[in-house]
Structures are given as structure tokens and as C-alpha cells.
Amino acid sequence: MRPLLFLATKILSTTVAFAAFAQAPAAPPHNIVLFVADGLRFRMVDDRTAPTMAAIAREGVSLRNSHALFPTFTTANASGLATGHMLGDTGDFSNTIYTGFEVPSAGNSSTPFLENDAVLGEVDAHFSGNYLDEATILKLARDKGYSTAAIGKLGPALIFDSTERSGGQTILFDDATGTPKGIPLSAEVTQRLQAVNLPPAAPSRGANGAPGNVSTPGTITANVVQQDYFAAVATRVVLPMFKERNKPFLLVFWSRDPDGTQHNQGDSLNVLVPGINGPTSLAAIRNADDDLARIRSALSELGLLESTNIIVASDHGFSTISKESQTSSTVATRFSDTLPGHLPFGFVALDLSHALNLPLIDPDDDYKIIGAGQHTKNGNGLIGGDRNKPQIVVAANGGSDLIYIPDGDAATAKRVIDFLLTQDYVSGIFVDSKLGKLPGTLSLDDIALEGAAITPHPAIAISFRSFDTVCGEPVLCTVEVADTALQQGQGMHGSFGRADTWNFMAMQGPDFKSQFVDPAPASNADLGRTIAHLMQLDVKDKGKLTGRVLSETLPNGAVPAVTSRVLVSDPAPNGLATVVNMQMVGEIRYYDAAGFSGRTVGLSSTILPAATQ
């Protein structure tokens, strides 16, 4: 009996011990700081221009095969970073979209610019409380009881938790902080600001916000003053608070530089060289790097560096602006704010109105009819019909534009596409698959723009032509035609050229490998997915267009198999065909470049070798 009793006791104790082990709570996740350097090109980071970022890439993980989501705009890529989904799911197709309703905070425009806290609130409210229709990583983190904050640029900062507008859960600082249009600060945060002698209102950009005009150069200073404030808030207020709370935290810091400065820089008015490679743009890159260095130092001083993963990303790359065309009807018209022979702001809307012989209505200026020698206020346009039922809507964005056909008429779409195929500024046309297969075009589904989004879907997305100024490395001196109020020689993004899709990405921390260069493709949606994985967030997807966890960057993670594909449309009657260069990891797609052959930097018409070979 005794041996049996001993055996039974041993089995019972082992079973209890195993059950206790199985029920033991998982170790809390490490902290994460996501630092976004808006508009930072991958190839612009080295020990001279951005030493802190270069060190993180060298000592941690360098994601050299990185990808922004197309259209390569800020709010679009913020939505990918925030949700881990591609744009066909988030519905944030560009900085300016057609909402299908008049947005009060945007002057009742139906084509609002989304980099605005009040606009985001009204768009959220219209679309059942969350226009993205996917939970963001900050929301999921605060649902787990973690500390959360978003600091920096107006628009993308709030997108990371746009449904939390009380200021009592996620801490938010952006350009509107301290104004009636901003998200309020909690009493605790306000007291902390007072204790370290920081004002409760964010400073303006000052001289950095001056874009100039056709005869006056833009800014020659980086966005130092405003970002000094945001960095001080992060290092002297938020991180000390998180340290005292003693629980995991997720901090998003969105640096407006180098983007804002590259847009407005006055180094290259009306000329293509140096473009966005002049001293003002370089100062902006260093400004962002300095802010990252301050955050890193604060983490170290607070004893948090060893328990914090730092992920550095940019939302998109950048290019110098061209305003030239030989085919647009607009270059023969004189506009008061445009050089003779140059494309005016809103040239796509003007050209379509002229070609289709339909009236052009300005949704951003009380829906007035546009006359000869005029262009719409923000480049957007309603063409045909009226303010309530337009036939065509153009959302002007920069290096690409969106075109909506609210009634889904295929004949109208064909007329629009037939015209676009005649224009030298177009490089790549993508069409809603519901409208059928049209020569010269690929579908929006081919580029992950058709998914579960609840905002109005564009009928057509067009990318504009890009070329380089022969500097020896095309992605460093790319020029793109842009639908913008800015001038030739200033900066823009949004196109499907590799200069715009090749964003910077690197990471370092306790959950990542050291001194690892990742050859596999990665996207902003992947970063959102990876953060959710590392922080053990409870993700419940609605859409299927997701990124992947970058498991190869984690200890013992293997580099995945990568394949390359080239998609080519049927040719249009004039021979033009839309081409897409892409890589794939399983079913996850990564887009290198797309457009018409010879009109897009980085585009190849032949299959490229897999990145891992």
C-alpha cells in the first residue's frame, strides 16, 4: 500500500504543480516607444544626418526592405500603423478623402483634410463612432490597463486613439493642445506641466509654417520650437508619470519633421535642385533625430531603457515637386498664384471639368462654381451634378489623387480614364473592380485598396509621374508631379515611386535581435501588428487586409520566404499599361513601385529577384 500511496501522492503533487504553472500569469510585456519621423527617406539616415537613428539601425534591427502604404500620405499610413491593417480596411485612403457628407469643422466640405482633431471627431461620429472600423493599438493597450500617450503632429497623433476624446485615459498632445479645438488635458497632466514650468498650450510652428508662394521662398528653419515643446512633454511629464505608475506603457511620438520642413523649405524655389536635399531639409532630419535622442536619454535616466522597445518608423518617403506638363489644358491658362506654363493647384479637377464639359464646384469654398482663370481653394472638386449629388469628385492630395464616382456609373468612369490616359502627368491608374476591367488600368484590389472599409470607396486612384535629376541614386533625388498649392522645387509625397514608398524603419530593445539587417519586406501595417503582438493586445479583426508580425526580428525568428511579382495591365489603345512591382510573404503584399513604364522611379517591367536571395 505504501508504494501505491507514495506514487499517488507524487502524481497528485506533480499535477497540482503543473496546473499552477499553466495558470501562472504571463510576464507583463515590455514598454514600447513608437517614434515616427514623418517623411523620412530610408537612404537619408546615416551617422552624419541622423546619428541616433543610425545607431538604432546598426545596433538593433534595420528593416532595409521597408514599405509605406499607397497612397503614401500621412493619415493613411497612420491608420496602418495604428491598426495593423491596410488602407482597403481602414478607409483612410489619403489625407483628403470624400466623406459623402458635409463636415462642419471643415467648413461644411465633403472633401475634408483629415489632419484636424475636430474633423476626425465628426468623421468618427458619422461612421458609427470609428471611421477606421478597426481598434487601434493605443485603444487596445488602454483596454489592457496599460499607460498610453500620443504626442506630436496634429492628425496622426489622434488617429492612434481617436475615439478617446476625454484626455482622461490616453494622454494626447498635438498642435491643437490648449485650444478649444484640441483634446483636453487631465488635471493630473496639467499639474505636472505646472510643476516643470511647461505651458498647457502647444506653441505654433512659427516661421517653419511659412510655405512661401510663387515669388517668395518658404521656410529656412526646421520645426525646432514646437518639437522642443513636445519632446519636453514626453521626457519631463509623460515618461516620469509612466515610471511612477509602474505598469507597461505605449508611447507614440509623431515628429512633424522632416515632413513639414521638406514641404515648406525655401532652398529651391521653382528649381528642381537641390529640391528637398538642401540645408533646411537636412536640419529637419537632424531635428527629428535630436528629439529621439532626448527620449532615449530620458528612458535611460529613468531606468526604463532596458525594459523598453524603441521602434522608429516614417510614414512615407519624399520627393521634390514638379509642376510641369505638356498635355494639361491648364498650363495655357493664367492663374494669379501659378507661374506661367505651370500646373495650378487642382489641375486634375480642372482638366476633367474641361474635358468632360461639366461644371466644376468648389466643396471647400461654399460650393461656388469655378470660372475661367480660377481653381478650387484646396484643389478638390465636384464635377457635374450639384453639391448633394455630384457626378465625379476629385480629392486632391499631392503625388496622387483620388477620384470618386458616387453613383458608380461605369460609363462615367470610362470617360474619366480615357482622358487620364492622354495626360503626361499620370503614371498608373487603378480602378474599382466593380467598374470592370479597363485597358491600361489595374484594379484597386490589386493594390489592397478594396477591403472592409466603411468610408466611401474611391472609383479611381491615380499616381503622378516621377523622374530623377541624375544624382547617381534616383531615390535620393526623385521629382514628382504633384497636385498641391506648394511650388516647384518644394517637397511632396503620395506617389507610387520608390522614393515615396521607401520609408525608414529600425528597432531596438529587449524583444528584438541585435545587429540584424532584415532582408524581408516590411510595411507600416506590419509594425502595428508587431506592436500588438509584443504587448499581448487582444486584437479582433473585422477586415482581412492585415499586416504580419515581423517574427524574424524577434530572438530565434527565421527570415520568411519572399517571392516577387510584376502585375501588368492590358495595354490601352495608346500602348500605356499600368505595372506594379510587388513582393509577397505568404499572402501579405508589399508594393515597391507602380505606374507606367518610364514614368515612375524604381519601377521595373521584369520580375525582380526575391529580397532574401
Side-chain angles (χ1 to χ4, degrees), residues 25-36 77-85 89-90 92 120 124 129-153 156-174 183 185-186 188-189 230 233-234 237-254 295 298-299 302 304-305 307-313 507 509-512 524-542 546-550 553-554:
H30 293 114
N31 312 310
I32 292 181
V33 172
L34 172 60
F35 185 96
V36 182
N77 278 273
S79 77
L81 284 162
T83 67
H85 284 254
D89 280 351
T90 70
D92 191 324
L120 286 171
D124 268 340
N130 179 13
Y131 81 106
L132 300 177
D133 204 35
E134 298 285 354
T136 64
I137 53 176
L138 280 188
K139 180 188 184 304
L140 293 171
R142 64 177 167 84
D143 285 349
K144 293 276 283 190
Y146 305 157
S147 295
T148 54
I151 301 171
K153 183 178 177 179
L158 182 58
I159 283 172
F160 277 85
D161 200 0
S162 67
T163 62
E164 207 296 275
R165 303 182 67 86
S166 71
Q169 297 179 72
T170 291
I171 300 169
L172 180 84
F173 280 84
D174 63 17
I183 304 301
L185 300 174
S186 69
E188 180 186 13
V189 171
F230 290 140
V233 166
V237 175
V238 174
L239 287 175
M241 286 176 61
F242 288 176
K243 165 75 171 179
E244 292 173 16
R245 291 178 183 177
N246 194 31
K247 56 185 180 181
F249 66 78
L250 174 55
L251 167 64
V252 177
F253 189 98
W254 197 291
I295 292 171
L299 289 168
L302 292 166
L304 294 170
L305 187 60
S307 60
T308 301
N309 296 302
I310 298 176
I311 299 175
V312 185
M507 50 186 64
D511 289 320
F512 296 118
N524 283 329
D526 293 348
L527 290 185
R529 212 70 178 175
T530 302
I531 290 169
H533 171 76
L534 293 176
M535 298 212 76
Q536 305 164 17
L537 304 182
D538 301 322
V539 179
K540 296 178 181 178
D541 299 312
K542 294 183 180 180
T546 66
R548 66 182 178 92
V549 176
L550 297 172
T553 68
L554 310 181

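Residues take their numbers from the sequence shown, with the count starting at 1. This structure is a prediction, so every number in the text was calculated from the model and none was measured.
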According to salt bridge (charged side-chain N to carboxylate O under 4.0 Å, His left out), does anything in residues 156-170 pair up with another residue at least two apart or in another chain? List the pairs. Arg142-Asp161
With sequence neighbours excluded, what pairs up with Val36 under the side-chain contact (heavy atoms from CB on, under 4.5 Å) test? Leu34, Leu81, Trp254
My understanding is that only residues two or more places apart in sequence, or in another chain, count here; which of them pass side-chain contact (heavy atoms from CB on, under 4.5 Å) with Pro240? Arg192, Leu302
With Phe242 via ring pair (Phe, Tyr, Trp, His ring centres under 6.0 Å) - residues at least two apart: Phe249
Apply ring pair (Phe, Tyr, Trp, His ring centres under 6.0 Å) to Phe35 and list each qualifying residue two or more places apart in sequence or on a separate chain. Phe253
With rounding to the nearest 0.5 angstrom, report the [atom1] to [atom2] distance, [X] to [Y].
X: Ile32; Y: Ile531; atom1: CD1; atom2: CD1; result: 5.0 Å
X: Leu132; Y: Ile159; atom1: CG; atom2: CD1; result: 6.5 Å
X: Leu305; Y: Ile310; atom1: CG; atom2: CD1; result: 5.5 Å
X: Leu138; Y: Leu537; atom1: CG; atom2: CG; result: 9.5 Å
X: Asn31; Y: Thr308; atom1: CG; atom2: OG1; result: 4.0 Å
X: Glu188; Y: Met241; atom1: CD; atom2: CE; result: 3.5 Å

Check whether Asp526 reaches the backbone of Arg548 with its side chain - one donor and one acceptor, N or O, closer than 3.5 Å. yes
How close do Ala157 and Ala150 get, counting heavy atoms only, and between which atoms? O-CB, 3.4 Å
For the residue pair Leu158 and Leu120, what are the closest heavy atoms and their distance? CD2-CD1, 4.0 Å
Test salt bridge (Lys or Arg N to Asp or Glu O under 4.0 Å) applied to Asp174 - qualifying residues, sequence neighbours left out: none
Under the salt bridge (Lys or Arg N to Asp or Glu O under 4.0 Å) test, which residues partner Lys247, sequence neighbours left out? none
By side-chain hydrogen bond (donor to acceptor under 3.5 Å, both in side chains), which residues pair with [X], not counting sequence neighbours?
X: Thr553; answer: none
X: Lys243; answer: none
X: Ser162; answer: Asp124
X: His30; answer: Asp511

Test side chain to side chain donor-acceptor pair (under 3.5 Å) applied to Ser79 and Asp89, Thr90, Asp92, the passing residue: Thr90
Take His85 and Asp541 through the side chain to side chain contact (heavy atoms under 4.5 Å, CB included) test and state the conclusion after the steps. CA-CA 9 Å; His85 284 254; Asp541 299 312; 2.8 Å; yes
Trace of the side chain to side chain contact (heavy atoms under 4.5 Å, CB included) decision for Phe512 with Leu550: CA-CA 10 Å; Phe512 296 118; Leu550 297 172; over 6 Å; no
